[in-house]
Amino acid sequence: PPMLRARAFMGMGLCEEERLYRLPKSKVINTERWGNAVWAYTMANKVCPQLADPLYHRAVLLNKAGLYDRAEVDLLACDDTEWLDDSLLDNVDYELSVARRGAAEKQ
């Protein structure tokens, strides 16, 4: 079922994120694992587009990677979707402010 596949992809993304945090900070910036985690969340979103969770997780990674415009798009898209983990909803405003502040600093 699509929901089970989406959860599996989100689990893959979370595992990739966890691996990132075990690396020295100097290696985290240049690792391709950011792409692996973003890919997993993208696939979760494709399988179950009505879920906000993969969009939120992908936006957090995009913020950390400095891709603030893309993160903002994902966070704004969370408004029209449903949540598996309602506690994530509390962090959307914070991540949105990070994205907007980062985008303003880039300009």
Side-chain angles (χ1 to χ4, degrees):
M3 183 66 72
L4 184 59
R5 290 179 61 209
R7 286 178 181 249
F9 280 123
M10 284 191 294
M12 289 170 56
L14 290 170
C15 287
E16 288 297 327
E17 277 187 74
E18 188 65 32
R19 287 184 201 178
L20 283 171
Y21 299 129
R22 293 183 189 164
L23 293 174
K25 285 194 175 194
S26 61
K27 290 186 178 181
V28 170
I29 294 171
N30 297 320
T31 185
E32 65 185 37
R33 286 194 177 129
W34 287 106
N36 293 342
V38 169
W39 174 84
Y41 295 132
T42 301
M43 292 305 296
N45 181 252
K46 284 185 180 189
V47 170
C48 241
Q50 72 271 19
L51 290 180
D53 301 56
L55 292 172
Y56 171 79
H57 287 295
R58 184 171 65 186
V60 169
L61 287 178
L62 292 172
N63 270 341
K64 289 178 182 175
L67 301 171
Y68 303 111
D69 294 338
R70 291 178 55 195
E72 185 176 356
V73 169
D74 280 355
L75 291 165
L76 292 174
C78 289
D79 285 343
D80 300 329
T81 54
E82 62 186 69
W83 293 90
L84 291 174
D85 184 357
D86 290 333
S87 67
L88 297 177
L89 181 58
D90 298 336
N91 298 326
V92 169
D93 289 335
Y94 170 75
E95 291 296 333
L96 194 54
S97 70
V98 169
R100 288 179 175 161
R101 186 174 46 246
E105 289 173 5
K106 270 186 148 179
Q107 293 176 354

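As a basis for the values below, the full set of heavy atoms in this structure was taken, side chains included, without hydrogen atoms, waters or symmetry mates. Note that the structure is a prediction, hence the values are computed from the model and not measured.
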Spell out, yes or no, whether L20 and L14 are grouped together once hydrophobic residues are joined by side-chain heavy atoms under 4.5 Å, including indirect joins.
yes
Could you pull out all residues at least two apart from Y41 that satisfy ring-ring contact (aromatic ring centres under 6.0 Å, His included)?
H57
Do the side chains of L55 and R58 get nearer than 4.5 Å, heavy atoms only?
yes
Between P49 and T81 the two heavy atoms that sit nearest each other are O-CG2, 3.7 Å
Can you give the donor-acceptor pairs under 3.5 Å from side chains of residues 61-71 to other protein atoms, not counting sequence neighbours?
from : atom 1 : to  : atom 2 : distance (Å)
N63  : ND2    : E95 : O      : 3.1
N63  : ND2    : E95 : OE1    : 2.9
K64  : NZ     : Y21 : OH     : 2.4

Joining Ile, Leu, Val, Met, Phe, Trp and Tyr whenever any side-chain heavy atoms lie under 4.5 Å apart, the cluster holding W39 also takes in F9, M12, M43, V47
Heavy-atom closest contact (R100 atom, L76 atom, distance):
NH2-CD2, 3.8 Å
How close do G13 and A37 get, counting heavy atoms only, and between which atoms?
O-CB, 3.8 Å
Should D53 and W83 be marked as a side chain to side chain contact (heavy atoms under 4.5 Å, CB included) after you check the CA-CA gap, both sets of side-chain angles, and the distance that decides it?
CA-CA 6 Å; D53 301 56; W83 293 90; 3.7 Å; yes
Calculate, to the nearest 0.5 Å, the distance between atoms SG and CG belonging to C78 and L96 respectively.
9.5 Å
Would you please test L84 and R7 for side chain to side chain contact (heavy atoms under 4.5 Å, CB included) and show each step?
CA-CA 10 Å; L84 291 174; R7 286 178 181 249; 3.4 Å; yes
Rounding to 0.5 Å, atoms CG (L51) and CE (M10) come to a distance of 5.5 Å
Applying the 4.5 Å side-chain criterion to the ILVMFWY set and letting contacts propagate, would L88 and V60 be lumped into a single cluster?
yes
Applying side-chain contact (heavy atoms from CB on, under 4.5 Å) between L75 and each of D93, V92, V98, report the one that passes.
V92
